[in-house]
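What you see below is based on every heavy atom in this structure, not just the backbone, and it leaves out hydrogens, waters and symmetry mates.
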Amino acid sequence: MRLTPLTTLTPEQTELLETIVGPGVEEPPPPFLVWARNMELAHWVENLGAYCRNESRFPQRLRELSVLIVGRHFDSQSAWNAHYEQAIAEGVPAECLDRLARGEDPGFKAEDERLFHAFAHEMLEDHFVSEETYGAALALFGEDGLLDLIGCVGSFSMSAMMLNTFQVPLRDHLPRPFAEIDGFRRVPADD
């Protein structure tokens with residue numbers, strides 16, 4: 001990791017950690033290891049993150065999917081590993097997520113998953129959302145839902161960029177989900 005390891009936590013950092021994951025946690029989640037260095041920013045980031053993870057208008061299944069869409073876009077293996085199993089437990093098909101991890105069309109069958117992915121993908125890849133995708137997503141999610149979708153993708157993008165920039169290491173026991181990523185660099189494709 002590019003940052004000096006945290007060896008002890010201040011009372012304010014401990015309170016933030018307990019807010020995020022509860023008391024008695026032995027291994028803080030990777031984003032905490034960075035956000036705790038700027039408690040002023042951490043307060044705002046955690047409020048937005050908590051809303052996106054727990055309170056947005058979407059069911060937990062789509063909240064988890066949003067993290068994975070962003071994690072794949074930014075090649076954030078930590079974000080992917082932190083949410084992959086939970087997304088499956090919430091009902092997102094593993095085969096669709098595995099295709100997403102390989103950079104393929106995930107082929108979601110559920111209309112909300114398909115539209116959620118299409119909207120987020122167009123936003124992240126094209127920087128614009130087509131009229132067709134916008135209209136269909138608006139009809140399904142409503143204006144408030146689209147605002148939540150954009151807010152969550154933005155929040156999770158910030159976390160993914162932070163994890164990659166500061167090279168927060170993957171936990172040793174977790175898989176490397178993206179074949180073309182080795183740590184924090186892209187590896188040449190096999191010929």
Could you check whether atom [atom1] of [X] has more than 12 heavy atoms from other residues, nucleotides or ligands sitting under 6.0 Å from it?
{"X": "Glu95", "atom1": "CD", "result": "yes"}
{"X": "Glu131", "atom1": "CD", "result": "no"}
{"X": "Glu125", "atom1": "CD", "result": "yes"}

ILVMFWY cluster, [X] and [Y] together (side-chain gap under 4.5 Å):
{"X": "Leu124", "Y": "Leu48", "result": "no"}
{"X": "Met158", "Y": "Val34", "result": "yes"}
{"X": "Val67", "Y": "Tyr51", "result": "no"}
{"X": "Ile181", "Y": "Leu68", "result": "yes"}

Atom [atom1] in [X], atom [atom2] in [Y]: separation rounded to 0.5 Å?
{"X": "His121", "Y": "Arg114", "atom1": "NE2", "atom2": "CZ", "value": "13.0 Å"}
{"X": "Gln167", "Y": "Arg2", "atom1": "CD", "atom2": "CZ", "value": "3.5 Å"}
{"X": "Glu64", "Y": "Leu97", "atom1": "CD", "atom2": "CG", "value": "10.5 Å"}
{"X": "Leu140", "Y": "Phe119", "atom1": "CG", "atom2": "CZ", "value": "12.0 Å"}
{"X": "Gln13", "Y": "Trp35", "atom1": "CD", "atom2": "CH2", "value": "14.5 Å"}
{"X": "Gln86", "Y": "Glu90", "atom1": "CD", "atom2": "CD", "value": "5.0 Å"}

Are side-chain heavy atoms of [X] and [Y] found at a separation under 4.5 Å?
{"X": "Ser76", "Y": "Val70", "answer": "no"}
{"X": "Asp105", "Y": "Arg99", "answer": "no"}
{"X": "Pro59", "Y": "Leu62", "answer": "yes"}
{"X": "Asp75", "Y": "Arg186", "answer": "yes"}
{"X": "Leu9", "Y": "Leu17", "answer": "yes"}
{"X": "Glu113", "Y": "Pro93", "answer": "yes"}
{"X": "Arg102", "Y": "Leu100", "answer": "no"}
{"X": "Phe156", "Y": "Met161", "answer": "no"}

Do you know the tightest heavy-atom contact between [X] and [Y]?
{"X": "Ser78", "Y": "Leu163", "result": "CB-CD1, 4.0 Å"}
{"X": "Cys152", "Y": "Ser56", "result": "SG-CB, 4.1 Å"}
{"X": "Gly107", "Y": "Cys96", "result": "O-SG, 3.7 Å"}
{"X": "Ala120", "Y": "Ile69", "result": "CB-CG2, 3.9 Å"}
{"X": "Pro169", "Y": "Met1", "result": "CD-CB, 3.9 Å"}
{"X": "Ala36", "Y": "Leu6", "result": "CB-CD1, 4.0 Å"}

Apply the test side chain to side chain contact (heavy atoms under 4.5 Å, CB included) to residues Val153 and Ile150: give CA-CA distance (whole Å), side-chain angles for both, the deciding distance (0.1 Å), then the verdict.
CA-CA 5 Å; Val153 166; Ile150 294 165; 5.9 Å; no
Are the charged groups of Arg176 and Asp182 less than 4.0 angstrom apart, N to O?
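No, Arg176 and Asp182 are not salt-bridged.
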Between Glu180 and Arg72, does any NZ, NE, NH1 or NH2 come within less than 4.0 Å of an OD or OE carboxylate oxygen?
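Salt bridge present between Arg72 and Glu180.
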Working for side chain to side chain contact (heavy atoms under 4.5 Å, CB included), residues Arg53 and Glu46:
CA-CA 10 Å; Arg53 289 187 314 271; Glu46 175 47 28; 2.9 Å; yes
Provide the full list of ring-ring contact (aromatic ring centres under 6.0 Å, His included) pairs with a residue in residues 122-147, sequence neighbours left out, each pair given once.
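Residue pairs with at least one partner in residues 122-147: Phe58-Phe141.
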Any pair counted as ring-ring contact (aromatic ring centres under 6.0 Å, His included), so long as it reaches residues 82-114, sequence neighbours left out:
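Counting only pairs at least two positions apart or across chains, the ring-ring contact (aromatic ring centres under 6.0 Å, His included) contacts touching residues 82-114 are Trp80-Tyr84, Phe108-His117.
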Pairs where residues 8-20 contributes a residue and the test salt bridge (charged side-chain N to carboxylate O under 4.0 Å, His left out) is met, not counting sequence neighbours
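Output for this query is empty, none listed.
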Among Leu147, Leu149, Asp148, exactly one meets side chain to side chain contact (heavy atoms under 4.5 Å, CB included) together with Arg57. Which residue is that?
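Among Leu147, Leu149, Asp148, the one meeting side chain to side chain contact (heavy atoms under 4.5 Å, CB included) with Arg57 is Asp148.
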Got a donor-acceptor contact below 3.5 angstrom from the Gln77 side chain to the Leu170 backbone?
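Side chain of Gln77 to backbone of Leu170: no pair is present.
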Test your reading of the model: is there a side-chain donor-acceptor pair from Ser66 to the backbone of Arg63, 3.5 Å cut-off?
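Confirmed, Ser66 side chain pairs with Arg63 backbone.
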